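Right, one structure below, let's go through it.
Note that the coordinates shown come from a computational prediction; the quantities given were computed from them, not determined experimentally. Side chains included, hydrogens not; waters and symmetry mates left out as well; all remaining heavy atoms used.
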Amino acid sequence: MEKKPQRSPILWILGTFTMIGAMFSAITYLCWAVAPNSMLQSMGIIREMKMFSADQVDQILSLYTSISKGQYLLLTLVEVMLFTGAFLMLVKLNKVGFHVYTIGKIVEFCVLNFIIGGMAAMNMNGIISSILWVLMYATQLRFMNPTDNQDDSTLQQQINPENNDNSPSHE
């Protein structure tokens, strides 16, 4: 009986952080799109708690209120795309997830810089971070299936090529 392939620890970490971050961002963007008044009230609570200086809260409010409902919905869809890509890579070990995630990062860059712009535009740190995340996922492609209908023995051969023998399998 062949042992099923295991996800690498790096893939677990990347996928888990991506899925948590994307889920949190998607919920936040959706709340701003659907209930902006409630979000403004929560920002008032943050101001009262003095977690940030009054100037910082004003900058955050200025940024969040400058984005339209449609733009928030677009950002929500981008985050769902990033979550889906990470889910496919982490849970399904499917290379398609890498492509979905990478396209999601490109779309995120385009939305933030060309559709929304202003203070929401992606700075150099955001660009470098996005590139690094895509590259880190790219190092994990060898642990993923090219398609969903690939059998376990082919996947095992890809993950552990040194254990392959060219003799017929024994039953």
Side-chain angles (χ1 to χ4, degrees), residues 1-34 63-64 67-117 119-171:
M1 181 175 187
E2 289 189 30
K3 186 175 153 185
K4 279 196 157 191
Q6 293 185 354
R7 287 151 192 85
S8 71
I10 294 171
L11 184 58
W12 272 112
I13 292 167
L14 292 172
T16 302
F17 282 147
T18 300
M19 289 170 59
I20 290 169
M23 182 69 70
F24 177 77
S25 295
I27 290 169
T28 302
Y29 294 146
L30 189 60
C31 287
W32 274 104
V34 175
L63 168 64
Y64 285 135
I67 300 172
S68 73
K69 186 180 287 194
Q71 291 169 333
Y72 274 123
L73 290 174
L74 190 57
L75 286 170
T76 302
L77 290 175
V78 168
E79 293 299 331
V80 168
M81 190 176 194
L82 295 173
F83 179 89
T84 302
F87 177 84
L88 289 172
M89 287 187 282
L90 178 63
V91 177
K92 299 290 186 177
L93 286 176
N94 192 324
K95 285 185 182 181
V96 170
F98 174 75
H99 302 295
V100 170
Y101 179 82
T102 303
I103 292 168
K105 281 300 200 181
I106 293 167
V107 171
E108 178 184 46
F109 173 81
C110 292
V111 167
L112 289 175
N113 289 304
F114 304 126
I115 295 177
I116 299 174
M119 291 189 324
M122 195 179 272
N123 62 19
M124 191 55 72
N125 289 336
I127 294 168
I128 291 171
S129 172
S130 292
I131 291 170
L132 287 176
W133 276 89
V134 169
L135 291 175
M136 287 187 290
Y137 274 122
T139 65
Q140 302 303 301
L141 284 173
R142 65 178 180 228
F143 298 110
M144 298 178 214
N145 298 322
T147 61
D148 273 337
N149 57 6
Q150 185 178 33
D151 65 1
D152 287 337
S153 62
T154 307
L155 181 60
Q156 188 64 33
Q157 290 172 0
Q158 287 178 346
I159 293 175
N160 296 317
E162 65 277 355
N163 293 341
N164 294 341
D165 61 356
N166 292 329
S167 62
S169 63
H170 296 76
E171 294 184 23

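- Looking at Cys31 and Ile27, their side chains come closer than 4.5 Å, going by heavy atoms from C-beta outward.
- Under the 4.5 Å side-chain criterion, counting only non-hydrogen atoms from C-beta, Met144 is in contact with Leu141.
- Closest of all the heavy-atom pairs between Lys69 and Ala33 is CE-O, 3.0 Å.
- Residues Leu90 and Arg7 form a side-chain contact, since some pair of their non-hydrogen atoms from C-beta on lies under 4.5 Å apart.
- Sorted by first and then second residue, the side chain to side chain donor-acceptor pair (under 3.5 Å) pairs involving residues 15-31 (not counting sequence neighbours) are Thr18-Tyr137.
- How far CG of Leu132 is from CD1 of Ile128: 7.5 Å, rounded to the nearest 0.5 Å.
- Atoms CD and CH2, from Gln140 and Trp12 in turn, are 13.0 Å apart once rounded to the nearest 0.5 Å.
- Distance CG/Leu112 to CG/Asn123: 10.0 Å, rounded to 0.5 Å.
- To the nearest 0.5 Å, atoms CH2 (Trp133) and CG (Leu14) are separated by 5.0 Å.
- Atoms CG and CE, from Leu63 and Met119 in turn, are 4.5 Å apart once rounded to the nearest 0.5 Å.
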Solution key, residues 71-89 side-chain donor-acceptor pairs under 3.5 Å, sequence neighbours excluded:
{"from": "Gln71", "atom 1": "OE1", "to": "Ser68", "atom 2": "N", "distance (Å)": "2.9"}
{"from": "Gln71", "atom 1": "OE1", "to": "Ser68", "atom 2": "OG", "distance (Å)": "3.4"}
{"from": "Gln71", "atom 1": "NE2", "to": "Ile115", "atom 2": "O", "distance (Å)": "3.3"}
{"from": "Tyr72", "atom 1": "OH", "to": "Tyr64", "atom 2": "O", "distance (Å)": "2.7"}
{"from": "Thr76", "atom 1": "OG1", "to": "Leu30", "atom 2": "N", "distance (Å)": "3.3"}
{"from": "Thr76", "atom 1": "OG1", "to": "Tyr72", "atom 2": "O", "distance (Å)": "2.8"}
{"from": "Thr84", "atom 1": "OG1", "to": "Val80", "atom 2": "O", "distance (Å)": "2.8"}

